[in-house]
Engineer: 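Provided herewith is a single structure, encoded as structure tokens, for subsequent inquiry.
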Amino acid sequence: MRLSVWLAALLPLVTAACATPSVAYHPRKDCEAGSAGACVDWGDELAGRGEPLGAEAAYGQACQGGFVMSCITQGQFLLRRGELEAAELPLRKAYLEEMPEAHEALADLYQARGTPSDVKIAEGLRFEAPAIDKPATEFVYHFRMDSRGSPGAAITFNVQPMAFLSRRLSLGFHAAFTPVTELNGFIGYQHFASTWAVPYARVLLGGLPSAPPGVGLNYGGELGLKLCLGPIGHLDFAVGSSRFSPLHASVGLGFNGLFLLLAAR
């Protein structure tokens, strides 16, 4: 009896729910209602229809709502119209978020101004752009295989702050675990071929902790390539050799050193 009472009470509610039409998503109306995400979609739609002024306004609303990529897009629309002063505000907002795209767009703004000092600033921004979102420290684990077919491992702690030529210079600590254990320091240079492809070279100097003083001096070098994953870390491929390690190849996985520090806590 109770079951029939419950069913009788629920039936009108279920019927009303089924009869209520779902609210359709409309980018323009939702953008006007204050949805920043809808403004992104509305801007994309207007841009696709060849309405740059409307798209610019929509991206501006999305920028104010916290969509940083829309700040860049709004700034680029303003640049195309020659509104250099107006373009600086959204581009500067994106720049503060340390995004490579924002550095490039802000460089375009300074380049468009055209004075010698502005052109120099533009060059600096483009130099910084591919490195800006990379970690200042990296911890890397490597699997190694030498020319004799002997497997091994290595760990690297790499320091590469923007102060070192926008991360071009790096230094750190390298420990290799092969038939012998090497403890090395290194200094290196890396070239940002793009935001994700970074070839590098390193000079290693250290020693064997198990060897008598003066006997275990070690030296060598590495050539490698990082495939970067933004602020997270990178994949690492390298070849190298040292006094106590024959020619070897390695595959590594690097992580932002800050992530490991937070995990340790």
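Along the sequence shown, the residues carry numbers beginning at 1. On a predicted model such as this, the values are computed, not experimentally measured, just so you know.
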Engineer: State, yes or no, whether a side-chain contact exists between Asn158 and Thr137 at a heavy-atom distance under 4.5 Å.
Structural biologist: no
Engineer: Of all the heavy-atom pairs spanning Leu223 and Ala201, show the shortest one and how long it is.
Structural biologist: CD2-CB, 3.6 Å
Engineer: Any ion pair linking Asp108 and Arg126 (charged N to carboxylate O, less than 4.0 Å)?
Structural biologist: yes
Engineer: Please examine the side chains of Tyr25 and Asp30, heavy atoms only from C-beta on, and report whether any two atoms are closer than 4.5 Å.
Structural biologist: yes
Engineer: Between CD1 of Ile232 and CG of Asp133, what distance do you get to the nearest 0.5 Å?
Structural biologist: 10.0 Å
Engineer: Could you state whether Leu89 and Leu109 fall into the same hydrophobic cluster, counting links through intermediate Ile, Leu, Val, Met, Phe, Trp or Tyr residues with side-chain heavy atoms under 4.5 angstrom apart?
Structural biologist: no
Engineer: So, His234 side chain and Asp236 main chain: donor-acceptor pair closer than 3.5 Å or not?
Structural biologist: no
Engineer: Can we say Lys93 and Glu88 salt-bridge, meaning some charged N sits less than 4.0 Å from an Asp/Glu carboxylate O?
Structural biologist: no
Engineer: Which pair of non-hydrogen atoms, one from Ala122 and one from Gln111, has the smallest distance, and what is that distance?
Structural biologist: CB-OE1, 3.7 Å
Engineer: Could you pull out the closest heavy-atom pair between Gly152 and Phe143, with the gap in Å?
Structural biologist: O-CD1, 3.7 Å
Engineer: Of all heavy-atom pairs between Cys228 and Val198, which one has the smallest distance, and what is that distance?
Structural biologist: SG-CG2, 3.6 Å
Engineer: Hydrophobic clustering (ILVMFWY, side-chain heavy atoms < 4.5 Å, transitive) - are Val40 and Val68 grouped together?
Structural biologist: no
Engineer: Checking the side chain of Arg144 only, and the main-chain atoms of Ala154 only, is there a donor and an acceptor separated by less than 3.5 Å?
Structural biologist: no
Engineer: Determine the sole option in Ser70, Cys63, Cys71 for which the side-chain contact (heavy atoms from CB on, under 4.5 Å) test with Phe67 is passed.
Structural biologist: Ser70
Engineer: Is Lys134 reaching over with its side chain to a backbone N or O of Pro130, donor-acceptor style, under 3.5 angstrom?
Structural biologist: yes
Engineer: Between Arg168 and Tyr189, is there a donor-acceptor pair closer than 3.5 Å when you use the side chain of the first and the backbone of the second?
Structural biologist: no
Engineer: Using only atom types and a distance under 3.5 Å, with no angle test, would you say the side chain of Asn218 pairs donor to acceptor with the backbone of Phe244?
Structural biologist: yes
Engineer: Are Arg202 and Gln190 close enough that a side-chain donor and a side-chain acceptor fall under 3.5 Å?
Structural biologist: no
Engineer: How many angstroms lie between CH2 in Trp42 and NE2 in His26, if you round to the nearest 0.5 Å?
Structural biologist: 6.5 Å
Engineer: State, yes or no, whether a side-chain contact exists between Glu45 and Asp41 at a heavy-atom distance under 4.5 Å.
Structural biologist: no
Engineer: Locate the shortest heavy-atom distance separating Gly230 from Pro135; write the atom from each residue and the value.
Structural biologist: O-CD, 3.6 Å
Engineer: When you compare the side chain of Phe157 with that of His174, does any pair of heavy atoms fall below 4.5 Å?
Structural biologist: no
Engineer: Calculate, to the nearest 0.5 Å, the distance between atoms CG and CG belonging to Leu183 and Leu208 respectively.
Structural biologist: 8.5 Å
Engineer: Measure from the side-chain N and O atoms of Asn256 to the backbone N and O of Pro231, and report whether any donor-acceptor pair falls under 3.5 Å.
Structural biologist: yes
Engineer: Distance only, no hydrogens: is a donor on one side chain within 3.5 Å (strictly under) of an acceptor on the other, for Asn184 and Tyr219?
Structural biologist: no
Engineer: Identify whether the distance between the nearest side-chain nitrogen and carboxylate oxygen of Glu56 and Arg81 falls below 4.0 Å.
Structural biologist: yes
Engineer: Membership question, hydrophobic clusters at under 4.5 Å side-chain separation (ILVMFWY): are Tyr95 and Ile132 in the same one?
Structural biologist: no
Engineer: Looking only at atom types and distance, does a side-chain atom of His248 sit under 3.5 Å from a main-chain N or O of Pro246, one as donor and one as acceptor?
Structural biologist: yes
Engineer: Pairing donors with acceptors under 3.5 angstrom, does anything connect the side chains of Thr156 and His142?
Structural biologist: yes
Engineer: Glu182 and Ser242: side-chain donor and acceptor closer than 3.5 Å?
Structural biologist: yes
Engineer: Any side-chain heavy atom of Ile72 sitting closer than 4.5 Å to one from Met99?
Structural biologist: yes
Engineer: If you compare all heavy atoms of Ala129 against all heavy atoms of Glu104, which two are closest, and at what distance to 0.1 Å?
Structural biologist: CB-OE2, 3.7 Å
Engineer: Is there a side-chain contact between Val159 and Phe173 (heavy atoms, below 4.5 Å)?
Structural biologist: no
Engineer: Find out if a path of hydrophobic residues (ILVMFWY) with successive side-chain heavy-atom gaps under 4.5 Å connects Leu165 to Ile121.
Structural biologist: no
Engineer: Distance check, rounded to the nearest 0.5 Å: Gln61 atom CD versus Ser35 atom OG?
Structural biologist: 10.0 Å
Engineer: Is there a side-chain contact between Glu222 and Val239 in this structure, where contact means two heavy atoms from C-beta onward sitting under 4.5 Å apart?
Structural biologist: no
Engineer: Once rounded to the nearest 0.5 Å, what's the spacing between atom OH of Tyr59 and atom SG of Cys31?
Structural biologist: 11.0 Å
Engineer: With a 4.0 Å cut-off on N to O distance, would you call Lys226 and Glu138 a salt bridge?
Structural biologist: yes
Engineer: Given Phe186 and Val203, is the side-chain contact (heavy atoms from CB on, under 4.5 Å) satisfied, shown in steps?
Structural biologist: CA-CA 5 Å; Phe186 70 82; Val203 175; over 6 Å; no
Engineer: With a 4.5 Å heavy-atom cut-off, do Leu171 and Phe164 have their side chains touching?
Structural biologist: yes
Engineer: Between Leu84 and Leu91, is there shared hydrophobic-cluster membership here, with clusters defined by ILVMFWY side-chain heavy atoms closer than 4.5 Å?
Structural biologist: yes
Engineer: Just checking Tyr200 against His191, ring centres under 6.0 Å apart?
Structural biologist: no
